[in-house]
Amino acid sequence: MFRKPLILTLLLALLIAGCTSAPTPAGTTVGATVGATLAVAPDAVATDTAAPEQIYFSDSIGNEVILAGVAQRIVSLAPSVTESLFAIGAGGQVVGRT
């Protein structure tokens, strides 16, 4: 008799706790993308040799990164990304995968 309302109350509390959003760290925005947002010059093209121009981008928490040239190797952290890389012909540049 006491067990059914207790179980229902616990399930309701679990449902409410699971539907709340996690707090975001200071300095970030809700809905920020995971990874980096690239700001590459429109005329930059991936080639086999390193480009002399620098590439600037910032990650989702605002850290600014400067690359000396176009990245030559790729580490894929998701199987779907790995499949996409091979589909676009960049499979030869993949050096790490999950």
For this session: Mind checking the OG-CD1 spacing from S58 to I66? Nearest 0.5 Å is all I need.
Result: 11.5 Å
Problem set entry | Exam field: side chain Q72 to backbone V70, donor-acceptor pair closer than 3.5 Å | yes
For this session: Could you work out the complete set of other residues in the hydrophobic cluster of L8, with links drawn between I, L, V, M, F, W and Y side chains under 4.5 Å apart?
Result: none
Exercise. Under a 4.5 Å side-chain heavy-atom rule over Ile, Leu, Val, Met, Phe, Trp and Tyr, are L77 and V95 clustered together?
Worked result: yes
Problem set entry | F86 with I74, same ILVMFWY side-chain cluster at under 4.5 Å | yes
Exercise. For the residue pair A78 and S76, what are the closest heavy atoms and their distance?
Worked result: O-OG, 3.0 Å
For this session: Return the minimal non-hydrogen interatomic distance between I55 and G69, and the atom names on each side.
Result: CD1-O, 3.5 Å
